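Scroll down for the structure; my scribbles are underneath it.
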Amino acid sequence: MEKIKKDGSYYLNPYLGGVILGVFLFLAFYISGRGLGASGAVKNSVAATVNVIAPDHAAKSAYYCQFAGGDKQPMSNWLVFEVLGVLAGAFFSGIIFNRLNFKVEHSPKITSRRRLVFALLGGAVFGFGSQLARGCTSGAALSGMAVLSFGGYITMIAIFGTAFVAAWIFRKNWI
Amino acid sequence: MIGSIISSGIVSPAWDNLFAVIIGMGFGFALESSGFSSSRKIIGTFFGYDFVVVKVFFTAAIVSSLGLLYFSYLGLVDFSTLYIQPTFLTSAIVGGIIMGIGFAMGGFCPGTSLCATAVGRIDGLVFLGGMFIGVFLFSESFPLFENMYYTGSEGAKMVNTVFGISPELFTFFLVLAAIGMFVGAGWVQKKVQKIEY
């Protein structure tokens, strides 16, 4: 426990947080034989939605038909259940560490509106990239690293390496 | 019990989704309690004022890698039953670069945006909404990227084989590199001007 902030919330020591995360990542592999993920649940939700609204279109798509259609059940998927757990676990943490409140977090130098526009664009760009790379920071990079996947390491280096450069380009939004 | 437990057949696969919820709860708790529901805390890594991402991410990578290797050494984990992220070099690099840009624009990654949403951060919820749009756009334009998506498949390639060393030795170097980064992060953080957020 450290860094009690002005608003009364506080954080776990980052190394302790890392150990807890590492233990649950280990358990994911030990129990279920797979890593943690986040973007995969979004992919399944999109595939399921398209499959309900336009089943013919989903069946013809070389991408959707991998996840939805036929007897595939995209919403009854390990990652979808795991993401429901993520929301619950983060909510409990928000209660314990006094961080539950509605707000748009942004640098005082920019407006909420600008922050939200960039959050939307950033989410869209990240979501697009996560499909190309077959996973995001959790599913491809972190879970890949846990089992020493070469692709996982490459994705991790590409994400963080690019983000250092791109953060400088978008620095006026942050500092 | 030899892991993965689900593949060993000791526990019915029907339990797998329940384990998914419990494991997800630990994942979400670890991320949020470390401060990953705050985009300004996350993005601090890229400006040097808060390295929580580096500390949490690499600690977790070390703990899980060491745990799996140790259990494998004891004969308690069979690596052939684990899902190993397959290597497609081109799409991993290009996808990673695109994600890095999205990261710097949005201040979250998918997992952390879920945590931010869960504690009421509107920017997290909007990022999450953006992800649905991005995934939809990729899926619809898949024929354009199909070649890139499937090119250069190297299967479940292990990173240690690239260097021609054992998994154990690679993990040893990973631990050394992580400790080096933690020390370096502490040093940089002292030099950089504090930012109140």
Side-chain angles (χ1 to χ4, degrees), chain A residues 11-12 14 17-18 20-22 24-26 28 30-31 33-34 38-39 42 46 63 78 81-82 85-87 89-91 93-94 99 102 104 116 119-120 122-129 131-133 136-138 144-155 158-159 162-163 166-167, chain B residues 3-5 17 19-21 23-26 28-30 32-35 46 52 55-56 59-61 63-64 67 83-85 87 91-93 95-106 109-111 114-115 118-120 122-123 126-127 130-131 133-135 138-139 142 157-159:
Chain A
Y11 296 117
L12 218 55
I20 297 174
L21 179 55
F24 277 96
L25 178 53
F26 167 82
Y30 182 63
I31 296 173
R34 53 181 304 158
S39 57
V42 175
V46 170
Y63 200 63
W78 196 91
F81 284 97
E82 182 241 33
V86 170
L87 289 168
F91 182 74
S93 169
R99 254 192 302 279
F102 287 106
V104 179
L116 292 179
L120 186 73
V125 172
F126 209 125
F128 191 97
Q131 296 314 294
L132 189 55
C136 59
T137 341
S138 344
M145 286 170 74
V147 288
L148 306 183
S149 150
F150 180 56
Y153 272 86
I154 294 296
T155 307
I159 294 175
T162 309
Chain B
S4 64
I5 288 173
N17 288 339
F19 291 129
V21 174
I23 289 165
M25 286 175 76
F29 182 87
E32 209 290 325
S33 60
S34 305
F46 305 118
V52 65
K55 292 171 186 169
V56 173
T59 306
V63 168
S64 52
Y83 175 78
I84 305 211
Q85 173 81 359
T87 299
S91 60
I93 293 172
I97 289 172
I98 295 172
M99 284 191 273
I101 295 167
F103 202 172
M105 290 173 81
C109 62
L114 289 167
C115 294
V119 295
I122 315 291
D123 42 333
V126 170
F127 184 98
M131 273 177 48
I133 297 171
V135 171
F138 178 84
S139 308
F142 185 63
K157 187 176 183 179
M158 304 278 279
V159 66

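Chain letters run A, B, ... following the sequence lines, proteins first and then strands; every chain starts at 1. Owing to the predicted nature of the structure, the values given are computational and were not obtained by experimental measurement.
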*For chain A, which of B:Gly26, B:Ala30, B:Ser34 has the most heavy-atom pairs under 4.5 Å?*
B:Gly26
*Please report the closest heavy-atom contact between A:Pro14 and B:Val52, naming both atoms and the distance.*
CB-CG2, 3.9 Å
*asked:* If I measure from the heavy atoms of chain A, does B:Phe142 come under 4.5 Å with its side chain, its backbone, both, or neither?
replied: side chain
*So which heavy atom on B:Ala20 is nearest to which on A:Phe81, and how close?*
CB-CB, 3.8 Å
*Residue pair B:Phe127 / A:Phe126, side-chain heavy-atom distance below 4.5 Å*: yes
*Per-residue contact mode, A:Phe102 against chain B (heavy atom under 4.5 angstrom)*: both
*Relative to chain B, which of A:Ala146, A:Gly94, A:Ser138 shows the most heavy atom pairs under 4.5 Å?*
A:Ala146
*Quick one: of B:Gly111, B:Ala61, B:Ser64, B:Gly35, who has the most non-hydrogen atom pairs under 4.5 Å with chain A?*
B:Ser64
_On a heavy-atom basis, which atom in A:Gly22 and which in B:Val63 lie closest, and how many Å separate them?_
C-CG1, 3.8 Å
*Do you know which of B:Met99, B:Gln85, B:Met25, B:Met158 has the most heavy-atom pairs under 4.5 Å to chain A?*
B:Met99
*asked:* Which heavy atom of A:Val147 sits nearest to which heavy atom of B:Tyr83, and what is that distance?
replied: CG2-O, 4.2 Å
*Any idea which heavy atoms bring B:Ala92 and A:Ala158 closest together, and the distance?*
O-CB, 4.2 Å
*asked:* Under a plain distance cut-off of 3.5 Å, with no hydrogens placed, do A:Ser93 and B:Glu32 share a side-chain donor-acceptor pair?
replied: yes
*Taking every heavy-atom pair that is under 4.5 Å apart, which of B:Ile93, B:Asn17, B:Ile101 has the most such pairs with chain A?*
B:Asn17
_Enclosure of A:Phe91 CZ (heavy-atom neighbours >12, cutoff 6.0 Å)_ = no
*Could you check which of B:Ile23, B:Val159, B:Val119 has the highest count of heavy-atom pairs closer than 4.5 Å to chain A?*
B:Val159
*Looking only at non-hydrogen atoms, find the nearest pair between B:Asp123 and A:Ala119 and report the distance.*
O-CB, 3.6 Å
_Heavy-atom pair count under 4.5 Å with chain B, highest-scoring of A:Val104, A:Val125, A:Val46, A:Leu148_ = A:Leu148
*A:Arg34: what forms a salt bridge (Lys or Arg N to Asp or Glu O under 4.0 Å) with it, not counting sequence neighbours?*
none
*Under 4.5 Å, counting heavy-atom pairs only, tell me which of B:Gly67, B:Ser139, B:Cys115, B:Gly3 racks up the most with chain A.*
B:Ser139
*Quick one: does B:Thr59's side chain have a donor or acceptor within less than 3.5 Å of a partner on A:Gly18's backbone?*
no
_Which one wins on heavy-atom pair count under 4.5 Å against chain B: A:Ile20, A:Ile154, A:Thr162?_
A:Thr162
*asked:* Tell me which of these, A:Ala90, A:Ala28, A:Cys136, A:Gly144, has more heavy-atom pairs under 4.5 Å with chain B than the rest.
replied: A:Ala90
_Contacts of A:Glu82 that satisfy salt bridge (Lys or Arg N to Asp or Glu O under 4.0 Å) - sequence neighbours left out_ = none
